[in-house]
*Asks:* 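I'd like to ask some things about the structure below.
Since the structure is predicted, the reported quantities are computational estimates derived from the model, not experimental observations.
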Amino acid sequence: MKTPFHQRGASTVGILVAVLFFASLLTLVIKLGPAYLDDYTVKGALEGLDGEEGLSEMTPADVRRLVTKRLSVNNVDGFDAKEIEIEKDGDLVIISLDYEVRTHVVSNVDAVINFSHFYELRGQ
């Protein structure tokens, strides 16, 4: 004897697992996303120095001050401009930047994100 139809679909446990998975994924995006957006802004500010008028005549302190102004205009918080290493080699300005961002995820779990950038820039 056959039953007229069999019910198909997701079970309650299956739906609960899917909801928990997507909720945890969304939490990670919300917690880690701003760090990556700030790094994208830092990267853009440093790349924007290429071709800057008078860059090759600036001292490392002047270059650092210029980067700090660009980052404050773009509202990048929690970034220390002292982490930027600036060297000069003739007309070439070498900028290297290694920093990490720590962010609280949940309870006693923190995430550490490392960023590293290296640029060789020439001014006009």
*Asks:* Kindly give the heavy-atom pair with the smallest separation between T41 and L71, and that separation in Å.
*Replies:* O-CD2, 4.3 Å

*Asks:* Write down the atom of I113, the atom of A35, and the distance for their closest heavy-atom approach.
*Replies:*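 Reported closest heavy-atom pair: CD1-CB, 3.9 Å.
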
*Asks:* Measure up the H117 and Y99 rings against each other and bin them: parallel (under 30°), tilted (30 to 60°), perpendicular (over 60°).
*Replies:*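 It falls in the tilted class, 30° to 60°.
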
*Asks:* Would you name the heavy atoms of D91 and S56 that are closest together and state the gap between them?
*Replies:* O-CB, 3.5 Å

*Asks:* Run the side-chain contact (heavy atoms from CB on, under 4.5 Å) test on D50 and Y119 for me, step by step, so that the C-alpha distance in whole Å, both residues' side-chain angles and the decisive distance to 0.1 Å come before the verdict.
*Replies:* CA-CA 9 Å; D50 198 18; Y119 301 99; over 6 Å; no

*Asks:* Could you state whether V109 and L32 fall into the same hydrophobic cluster, counting links through intermediate Ile, Leu, Val, Met, Phe, Trp or Tyr residues with side-chain heavy atoms under 4.5 angstrom apart?
*Replies:*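 V109 and L32: one cluster.
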
*Asks:* Measuring only between side-chain heavy atoms, which start at C-beta, is L97 closer than 4.5 Å to V42?
*Replies:* yes

*Asks:* Measuring only between side-chain heavy atoms, which start at C-beta, is R64 closer than 4.5 Å to V67?
*Replies:*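 No. Closest side-chain heavy atoms not under 4.5 Å.
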
*Asks:* Can you list, by chain and residue number, the hydrophobic cluster partners of I94 when the side-chain cut-off is 4.5 Å?
*Replies:* L92, F118

*Asks:* Without swapping roles, check the side chain of K88 against the backbone of T59 for a donor-acceptor pair under 3.5 Å.
*Replies:* no

*Asks:* Just to verify, what does L37 make a side-chain contact (heavy atoms from CB on, under 4.5 Å) with, not counting sequence neighbours?
*Replies:* none

*Asks:* Checking S116 against D98: is there a side-chain donor and acceptor pair closer than 3.5 Å?
*Replies:* yes

*Asks:* Which value, rounded to the nearest 0.5 Å, describes the distance between N74 atom CG and K69 atom NZ?
*Replies:* 14.5 Å

*Asks:* Listing request: all salt bridge (charged side-chain N to carboxylate O under 4.0 Å, His left out) pairs with a residue in residues 29-43, at least two apart in sequence or in separate chains.
*Replies:* none

*Asks:* Quick check: closest heavy atoms across L49 and L55, and the distance to 0.1 Å?
*Replies:* O-CD2, 3.4 Å

*Asks:* Taking all non-hydrogen atoms of both residues into account, name the closest pair between A10 and I15 and its distance.
*Replies:*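 Heavy-atom minimum between the residues: CB-CG1, 3.8 Å.
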
*Asks:* Locate the shortest heavy-atom distance separating L46 from L121; write the atom from each residue and the value.
*Replies:* O-CD1, 3.6 Å

*Asks:* Just wondering, more than 12 heavy atoms not from E83 lying within 6.0 Å of its CD?
*Replies:* yes

*Asks:* Could you check whether E52 pairs with R70 (Lys NZ or Arg NE/NH1/NH2 to Asp/Glu carboxylate O, under 4.0 Å)?
*Replies:*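 Counted as a salt bridge, because a side-chain N and a carboxylate O are separated by less than 4.0 Å.
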
*Asks:* Decide side-chain contact (heavy atoms from CB on, under 4.5 Å) for V101 and V112; before the verdict, give the C-alpha distance in whole Å, the side-chain angles of both, and the deciding distance to 0.1 Å.
*Replies:* CA-CA 6 Å; V101 176; V112 179; over 6 Å; no

